[in-house]
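Predicted model only: the values in this text are computed from it and were never measured.
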Number of protein chains: 2
Amino acid sequence: MEGYDSSQYEKLSLAVDLLVFTIEDDRLKLLMVERSEDPFAKMSALPGVFVGIKETLDEAAERGIEEETGLKDIYFEQLYTFGEVDRDPRMRIVSVAYMALVPIEKMNYHAGERTLSARLVDVEDLLSSDTKVAFDHKRIIAYARQRLANKVEYTGIAFHLVEEEFTLPKLQKVYEILLGKPLYKANFRKKIAPLIEETDFITSGEAHRPSRFYRLKKTEE
Amino acid sequence: MEGYDSSQYEKLSLAVDLLVFTIEDDRLKLLMVERSEDPFAKMSALPGVFVGIKETLDEAAERGIEEETGLKDIYFEQLYTFGEVDRDPRMRIVSVAYMALVPIEKMNYHAGERTLSARLVDVEDLLSSDTKVAFDHKRIIAYARQRLANKVEYTGIAFHLVEEEFTLPKLQKVYEILLGKPLYKANFRKKIAPLIEETDFITSGEAHRPSRFYRLKKTEE
DNA sequence: ATCAGAAAGTAGCAAAAAGATACTAACTAA
DNA sequence: TTAGTTAGTATCTTTTTGCTACTTTCTGAT
C-alpha cells in the first residue's frame, strides 16, 4: 500500500474520541459533554479532538484528556478505530477511540470551548435506556464497557480506578462494578494478595472495624 | 470534537495494513510482499491499501485481503491503529492494522500491482532475527503476534487456522504454535471437548492409528 | 500372520485454583 | 456495655489443571 501514489486517494479527517471512566457512588461513570452545535446540538457526546498533522494518536489523546480534565499522566489506552462512512452526517471522519481511567478523587472536568457543559454519566443507565447519544458514540461506549469488563479479569486495569493507596473493600467494589457481579471477599483477597503490599495506614472514623490501606507492588504485573 | 470546524485541521491519508496469518509446516507464517518502489524498495512489507473516502475500514480490509489472496469470507479483525508522525518518510499516513487468519489449505496469494512478489514468512524467525522490514511493520507484526498468543487462550481464534473439519492432533498443534509451548494431550481434549462435535470421518493411510475429524459446534462460543 | 513402531485416544491420580460458608475482630453510636 | 456494621480470616468443597501411564489401531517390515 504505502508504495501507492497516495494522491489518488482523498484524504480524510481523523479524530480521537475520549472515554474517561471513573467510579462515583459505586457506579461506573463516563465523562460526556453536551454539544453546543449541530449536528446533534444539545445532545450528549464523547469529548474529542481532531488529530493534528504533526501529532501522534497518543499525543492527540493526551491533549484531549488534558483539555477536558486538566489531568496529565493518567492511564489511557487505545480502544478501537471506528470508520463507518456516515458516522458523521457532515463529512467523513474516522475516529480512534481512547479509553482513560481515573480515580474519582482525582477527577476534574469542565465544559470545553464548543460544548455547553461536561458531566459524569452513569454508564449502565445510559446503555440500558434508549437515550439518544450523538454520532455512533453509544456503540463506542458499549464497546468500551465490554472491553473494561474483559480486561479486569486478566489485567490489573482496575487499579487505575483507585488511588495509589487503597483499601481492599474499595478495590473489591471496583472489581464488582466492572464485572457486574458480586465477589466473595475471601477469594478476592487470595487472588490479589500477591499483587499488593501493606501500608502502615488504616481507615478511621467509621462505625465499624477499620480497613488497611494497600498499594500495588512495583515488582510484578 | 466533532463540533469543531474541521477545516482548520489538515486531513491525512489513512491506510489499512494487513496481517494474513496461516500455519504451514508447523510454523506460524505471515503473508508479506516485496516492495518494488522506494521508500524501502526490495524490502519486505505488509500488504495494504489506502482507505477510500466512501469505504469503511472493514471494507478496505476486505478489499485488500481479496486483492492479495483472492479470498473472500475469511476471518479478520481490527488489530490496532498506528499513528506515529514519521512512520512513512514521505508523508503522514496513519495505518489501521487488520489481522486475518486462514488455514493453509485455503491460502493463496500473488504479487500485487506495485510489488515484486508475495511470500509466506516465518514469523518467529523474522521477529527473533534482526532482519529489516519496511516502515514500522516489524513492530506491527510483533504486536499482532502478541495478540494472537493472548487470544488463543480465551477465544476460539485458533479454529480459523484449521479447516472446517479437523483432527484434534492438528488443532492441538495450532494451539501449541500460537502459545509457543507444548500442551498435554489429555488436558487439551478435556478443554475443547465442549466446543466441538464428532464427524463420521477419520484419517487413513498413515502408519498409525487414524484420528477422527471434528467440527466446531454451532451452538456455543 | 505376526510383530515392531508410531501416533491416537483414554483412565485416573495429584496438585492447584476457584467457589462457598462461617466464623472472629475492631470500630462507633446509643 | 451492647447492638450494629463492616473488616478480615479459617476452612471446607468443588472444579480445573498438570501429569503419567496406559490401551488402541493403524502401516510396513519381517
Side-chain angles (χ1 to χ4, degrees), chain A residues 23 25-26 149-156 158-159 162-163 165-217 220-221, chain B residues 23 25-26 149-156 158-159 162-163 165-217 220-221:
Chain A
I23 287 185
D25 302 333
D26 288 350
N150 291 339
K151 285 200 90 165
V152 71
E153 295 208 343
Y154 62 94
T155 73
F159 289 96
V162 295
E163 290 188 287
E165 308 207 329
F166 51 84
T167 65
L168 293 184
K170 199 152 207 167
L171 183 64
Q172 182 175 343
K173 198 76 205 172
V174 171
Y175 271 80
E176 291 175 338
I177 291 164
L178 295 183
L179 290 169
K181 67 179 183 191
L183 300 175
Y184 291 98
K185 195 170 32 167
N187 302 337
F188 176 74
R189 283 159 187 254
K190 270 187 264 176
K191 191 165 180 170
I192 61 159
L195 304 176
I196 59 176
E197 60 192 11
E198 283 192 359
T199 72
D200 296 332
F201 307 108
I202 55 171
T203 60
S204 67
E206 291 165 298
H208 53 80
R209 179 170 175 175
S211 60
R212 181 171 294 278
F213 284 97
Y214 291 80
R215 75 171 74 84
L216 193 57
K217 257 192 222 169
E220 4 222 342
E221 170 56 7
Chain B
I23 287 184
D25 301 333
D26 288 351
N150 290 339
K151 287 200 89 165
V152 70
E153 295 208 341
Y154 61 94
T155 73
F159 289 96
V162 295
E163 289 188 289
E165 308 208 328
F166 51 84
T167 64
L168 294 184
K170 199 152 207 165
L171 183 65
Q172 182 175 342
K173 198 75 203 172
V174 172
Y175 271 79
E176 291 176 336
I177 291 164
L178 294 183
L179 290 169
K181 67 178 182 190
L183 299 175
Y184 290 99
K185 195 168 35 167
N187 301 341
F188 176 74
R189 284 160 185 255
K190 271 187 261 176
K191 192 165 179 172
I192 61 161
L195 304 176
I196 59 175
E197 59 192 13
E198 283 192 359
T199 72
D200 296 332
F201 307 108
I202 56 172
T203 59
S204 66
E206 290 163 300
H208 53 79
R209 179 172 176 175
S211 60
R212 181 170 293 280
F213 283 98
Y214 291 79
R215 73 171 75 85
L216 193 56
K217 257 193 220 167
E220 3 221 342
E221 171 59 8

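- In this structure a side-chain-to-backbone donor-acceptor pair under 3.5 Å is missing from T167(B) to R212(B).
- The side chain of R189(B) places an N or O atom within less than 4.0 Å of a non-bridging phosphate oxygen (OP1 or OP2) of dG9(C).
- Regarding K191(A), its NZ atom lies at a distance of 14 Å from the P atom of dT16(D), rounded to whole Å.
- The distance from atom CD of Q172(B) to atom P of dG18(D) is 13 Å, rounded to the nearest whole Å.
- When each of R212(A) and K190(A) is assigned the nucleotide of DNA chain D with its nearest heavy atom, R212(A) is the one assigned upstream, toward the 5' end.
- When the nucleotides dT5(D), dG9(C), dG8(D) are ranked by their closest atom to the side chain of R209(A), dG8(D) comes out on top.
- For K173(B) and dA7(C), the NZ to P distance is 11 Å, given to the nearest whole Å.
- In this structure, CD1 of I202(B) is placed 18 Å from P of dA7(C), rounded to the nearest angstrom.
- Two residues, L168(B) and H208(B), neighbour DNA chain C, and the one matched to the more 5' nucleotide by heavy-atom proximity is H208(B).
- Judged by distance alone, with hydrogens and angles left aside, N187(A) brings no side-chain donor or acceptor close enough to the base of dA17(C) to form a pair under 3.5 Å.
- One interatomic measurement links the two molecules: CD of E206(A) to P of dG4(D), which rounds to 19 Å at whole-angstrom precision.
- With a 6.0 Å radius and a threshold of 12 heavy atoms from other residues, nucleotides or ligands, K170(A) has its NZ atom at or below the threshold.
- Between the E197(A) side chain and the Y214(A) main chain, no donor and acceptor come within less than 3.5 Å of each other.
- Closest non-hydrogen pair, P210(A) versus T203(A), comes out as CB-O, 3.0 Å.
- L168(B) has its side chain within reach of I196(B): a pair of non-hydrogen atoms, C-beta onward, lies under 4.5 Å apart.
- The stretch residues 174-186 of chain A touches DNA chain D through K185(A), A186(A), each having a heavy atom under 4.0 angstrom from the strand.
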Open item on the list: Using the rule given for ring pair (Phe, Tyr, Trp, His ring centres under 6.0 Å), can you reason through F213(A) versus F166(A), listing the C-alpha separation, both sets of side-chain angles and the distance that settles it, and then say yes or no?
Closed with: CA-CA 5 Å; F213(A) 284 97; F166(A) 51 84; 8.5 Å; no
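- Residue-to-nucleotide proximity on DNA chain D shows that, of K170(A) and A207(B), the 5′-proximal contact is made by K170(A).
- By the 4.0 Å N-to-carboxylate-O rule, E165(B) lies close enough to R215(B) to be salt-bridged with it.
- In this structure, CD of E153(A) is placed 15 Å from C1' of dA17(C), rounded to the nearest angstrom.
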